[in-house]
Amino acid sequence: MVPVFLTKAVELLLGREGRSLHLRAVGWATVILALTLLVGSWAVLMAEQHAGNATITSYPRALWWSAETATTVGYGDFYPLTLWGRIVAVVVMGAGITTYGMVTAALATWFVGHEQKRRHRLAEAEQTARHVREETAQVLHERFDRIERLLADAGHGPSR
């Protein structure tokens, strides 16, 4: 039986067609990163647990190593000694750099998109205001012309 939170997460990622591309990208990057951390932790533990002088000897340590490796922090407190452990490290680093880059790019394009929408709305509002001013000026000119004609016809105003 699949855990409820996992089915809800998949439903959230796949469920709504109208969902923003940015939100979907961030969601999938997070899922990929979480899977990379969990599988990478297990794989490095399998590679390192029987190595002499190994620093990664338990799953909690492996998970911590995986998180610091994916974020490229690399404190140096835990590190792989075996060839397979280092291969796993390269995969975890690549996945971490890629997914964090995707999240950063998605957030940046989201901010840029919102700023473009804001500027577009502002330009539309300015155009509407300009149009209203022009129409108002035209209506006033027409009224003044009509008043001048009425006064001229009545003989009270300037004649043309």
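The first residue in the sequence is number 1, and the count goes up from there.
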Find out whether [X] and [Y] are in side-chain contact, i.e. whether some heavy atom of one side chain is under 4.5 Å from a heavy atom of the other.
| X | Y | result |
| --- | --- | --- |
| Val92 | Val44 | no |
| Tyr100 | Leu33 | yes |
| Ile97 | Thr72 | yes |

Distance, nearest 0.5 Å, that separates [atom1] of [X] from [atom2] of [Y]:
| X | Y | atom1 | atom2 | answer |
| --- | --- | --- | --- | --- |
| Leu151 | Arg149 | CG | CZ | 11.5 Å |
| Leu37 | Thr69 | CG | OG1 | 9.0 Å |
| Ile147 | Leu140 | CD1 | CG | 9.5 Å |
| Met93 | Arg86 | CE | CZ | 10.0 Å |
| His50 | Leu45 | NE2 | CG | 8.5 Å |
| Trp42 | Ser66 | CH2 | OG | 13.0 Å |

Hydrophobic clustering (ILVMFWY, side-chain heavy atoms < 4.5 Å, transitive) - are [Y] and [X] grouped together?
| X | Y | value |
| --- | --- | --- |
| Tyr59 | Met46 | yes |
| Val139 | Phe144 | no |
| Val103 | Phe111 | no |

Charged N to carboxylate O below 4.0 Å: is that the case for Glu124 and Arg121?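 No, no charged N to carboxylate O under 4.0 Å.
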Lys/Arg-Asp/Glu bridge criterion (N-O < 4.0 Å) met for Glu115, Arg119: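 Yes, charged N to carboxylate O under 4.0 Å.
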Heavy-atom closest contact ([X] atom, [Y] atom, distance):
| X | Y | answer |
| --- | --- | --- |
| Val88 | Ala43 | CG2-CB, 3.8 Å |
| Phe78 | Glu68 | O-OE2, 3.7 Å |
| Leu81 | Asn53 | CD1-O, 3.2 Å |

Side chain Arg61, main chain Thr55, donor-acceptor under 3.5 Å: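 Side chain of Arg61 to backbone of Thr55, a donor-acceptor pair under 3.5 Å: yes, one is there.
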Under 3.5 Å: donor-acceptor pair, side chain of Glu48, backbone of Thr82: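 Looks like yes, one N/O pair under 3.5 Å.
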We want to know whether Trp65 and Asp77 form a side-chain donor-acceptor pair, criterion being a heavy-atom distance below 3.5 angstrom.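 Distance-only check fails for Trp65 and Asp77.
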What do you reckon, is [atom1] of [X] surrounded by more than 12 foreign heavy atoms closer than 6.0 Å?
| X | atom1 | value |
| --- | --- | --- |
| Tyr79 | OH | no |
| Glu142 | CD | yes |
| His131 | NE2 | no |

